[in-house]
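Working notes for the structure below.
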Amino acid sequence: MYTKKTFTTFQMATWTRYETFLFFAIIIACVSAYFFFELSWLKIPWTPLALIGTAVAFVIGFQNNAAYGRIWEARKIWGGIVNTSRTFGMYVQDMVTNEHADKPVNQASLDKEIKTLTYRHIAWMTALRHSMRAPKPWETTSAHKTNTEWDVRPPEKDTTLENDLKPYISDEDFNYVMSKNNKQTALLYLQSHHLRKLKEKGIIWEFSFLELEGIIEELFTLQGKSERIKNFPYPRHFATLNHLFMWAFVLLLPLALVPQFAEIGIGLLDNHPFIGKYFVWLTVPFYVIVAWIFHTMERIGRTGENPFEGTANDVPISTIARGIEIDLRQNLGETDEEIPEQFPMRLNTQF
């Protein structure tokens with residue numbers, strides 16, 4: 001998402017410029033019809049339009065609150081993944097020992113088991129973030145031309161899950177995982193099976209095994225919460241009607257605004273004839289400001305409906321997952337040359 005102080009007024013204006021040009025065209029056409037063709041009958045009273053505007057403001061506010069709630073919940077879920085992942089890494093390093101083993105193994109074998117468990121966890125995060133970035137029919141924000149022209153795209157769009165998984169798991173695990181529909185669930189199953197085998201060998205104490213299984217359970221819970229947000233969109237009847245109501249208000253607004261400014265101009269004709277004659281053209285900036293505010297607030301709500309889509313204002317799950325990976329691998333004793341770098345920011349945006 002955009003970092004502090006980077007999403008400037010200029011960027012916001014650029015983000016909405018196509019609609020702003022449309023608002024200029026609409027109001028200039030209406031004022032021209034009123035000014036050049038004297039279509040004074042083309043008007044509606046303010047009262048019904050004020051009612052429509054009030055209703056639109058309420059539904060847009062409700063949509064924005066709901067969208068922010070989805071974003072904030074998604075961020076809390078992935079914050080939980082951060083904490084649980086670090087706990088898992090610590091537990092694995094301290095609980096995989098020879099202390100209760102019937103047949104102790106050398107330290108190299110223990111280190112290998114620890115690395116396998118840790119890398120499989122990284123593979124789980126990789127599979128989960130790829131799943132969260134998979135496109136859904138209702139996710140249309142990233143296809144908007146103001147996003148495509150800036151090439152605002154998460155790293156998952158530039159690679160495949162297969163390529164990202166192979167460095168972290170064995171060929172046997174890879175074949176097993178890729179044969180399943182839900183790859184991240186398959187990886188947690190493998191983790192649990194692996195922990196059970198280590199417990200049976202005595203490399204993991206029984207009580208330690210229960211603690212680690214509790215961590216796996218928590219990861220399942222966090223995964224399910226994340227999948228719930230991804231797979232259940234903001235109700236489409238609300239989203240569609242909000243969009244239609246906003247455009248109904250924006251298109252009807254000139255029919256009340258232009259006559260109002262024209263009447264003010266008529267009142268100025270006696271003392272200020274030039275100003276009075278052209279006063280109706282002041283409708284243009286006022287209409288554009290009002291229409292822009294309503295449209296931009298509605299669009300902000302639409303943009304925030306799907307926090308994993310991969311647009312500039314979504315939860316940066318790729319950055320979060322890579323940050324966890326760096327922490328875990330550093331604590332395994334790997335060097336900076338062995339550990340991948342954090343995903344770079346583009347246009348001051350984390351993904």
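Residue numbers count from 1 along this sequence. Predicted model, so just to flag it, every value in this text is computed and none were measured. Keep in mind that the numbers below use all heavy atoms, side chains included, and drop hydrogens, waters and symmetry copies.
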Under the side chain to side chain contact (heavy atoms under 4.5 Å, CB included) test, residues paired with [X] that sit two or more places apart:
X	result
Glu227	Met132, Asn182, Gln184, Gln223, Asn231
Thr54	Phe58
Val31	Ile27, Val258, Val280, Trp281, Thr283, Val284
Val105	Asn98, Ser109, Leu110, Ile203

* To do: Could you identify which residues cluster with Ile339, counting Ile, Leu, Val, Met, Phe, Trp and Tyr as linked when any side-chain heavy atoms lie under 4.5 Å apart, either directly or through a chain of such contacts?
  =>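 The other cluster members (ILVMFWY side chains, heavy atoms under 4.5 Å, direct or chained) are Ile326.
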
* Each residue besides Tyr68 in its hydrophobic cluster should be listed here, by chain and number; the cluster joins Ile, Leu, Val, Met, Phe, Trp and Tyr at side-chain heavy-atom distances under 4.5 Å. => Trp72

Quick one: [atom1] on [X] to [atom2] on [Y], what's the gap to the nearest 0.5 Å?
X	Y	atom1	atom2	value
Ile317	Leu128	CD1	CG	7.0 Å
Phe24	Thr20	CZ	OG1	7.5 Å
Asp164	Thr126	CG	OG1	6.0 Å
Ile204	Glu211	CD1	CD	12.0 Å
Glu298	Leu244	CD	CG	9.0 Å
Ile114	Gln93	CD1	CD	6.0 Å

Flag, side chain of [X] to backbone of [Y], donor-acceptor distance under 3.5 Å:
X	Y	answer
Arg86	Ile324	no
Ser226	Leu222	no
Arg133	Phe308	yes
Lys230	Ala134	yes
Asn331	Met90	no
Asn64	Gly301	yes
Thr303	Arg299	yes
Ser192	Leu188	no
Gln342	Thr319	yes
Thr160	Asn163	yes

* Can you check salt bridge (charged side-chain N to carboxylate O under 4.0 Å, His left out) on Glu305 and Arg302, steps first, answer last? -> CA-CA 5 Å; Glu305 290 173 4; Arg302 280 187 288 123; over 6 Å; no

* Structure fact -> side-chain hydrogen bond (donor to acceptor under 3.5 Å, both in side chains) test vs Ser318 passes for just one of Gln350, Glu156, Arg129, namely Glu156

* Asked: Pick one: which of Lys197, Lys201, His194 meets side-chain hydrogen bond (donor to acceptor under 3.5 Å, both in side chains) with Glu113?
  -> His194

I want to check something: taking the side chain as every heavy atom from C-beta on, are [X] and [Y] in contact at a cut-off of under 4.5 Å?
X	Y	answer
Phe249	Phe294	yes
Met178	Leu165	yes
Phe220	Thr185	yes
Lys277	Phe274	no
Ile229	Glu73	yes

* **Under the salt bridge (Lys or Arg N to Asp or Glu O under 4.0 Å) test, residues paired with Asp94 that sit two or more places apart** =>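 In terms of salt bridge (Lys or Arg N to Asp or Glu O under 4.0 Å), with neighbours along the sequence ignored, Asp94 is linked to no residue.
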
* Of all residues at least two apart in sequence or in a different chain, which pass the salt bridge (Lys or Arg N to Asp or Glu O under 4.0 Å) check with Arg70? -> none

Could you list the residues that satisfy ring-ring contact (aromatic ring centres under 6.0 Å, His included) with [X], not counting sequence neighbours?
X	answer
Phe36	none
Phe279	Phe261
Tyr287	none

* Asked: Any luck finding a side-chain donor-acceptor pair between Glu338 and Thr335 under 3.5 Å?
  ->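 Yes, side-chain donor-acceptor contact under 3.5 Å.
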
* Can Arg196 and Glu200 be counted as an ion pair, charged N to O under 4.0 angstrom? ->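 A salt bridge is present here (some side-chain N lies under 4.0 Å from a carboxylate O).
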
* Lys183/Glu162 salt bridge by N-O under 4.0 Å criterion -> no

* To do: For residues Pro254 and Ile26, report the shortest heavy-atom separation together with the two atoms involved.
  =>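 Smallest heavy-atom distance, with atoms named: CG-CG2, 4.2 Å.
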
* **Minimum-distance pair of heavy atoms, taken over all atoms of His130 and Leu161** => CE1-N, 3.7 Å

* Please list all pairs passing the side chain to side chain donor-acceptor pair (under 3.5 Å) test where one or both residues lie in residues 250-264, with sequence neighbours left out. => Trp46-Gln260

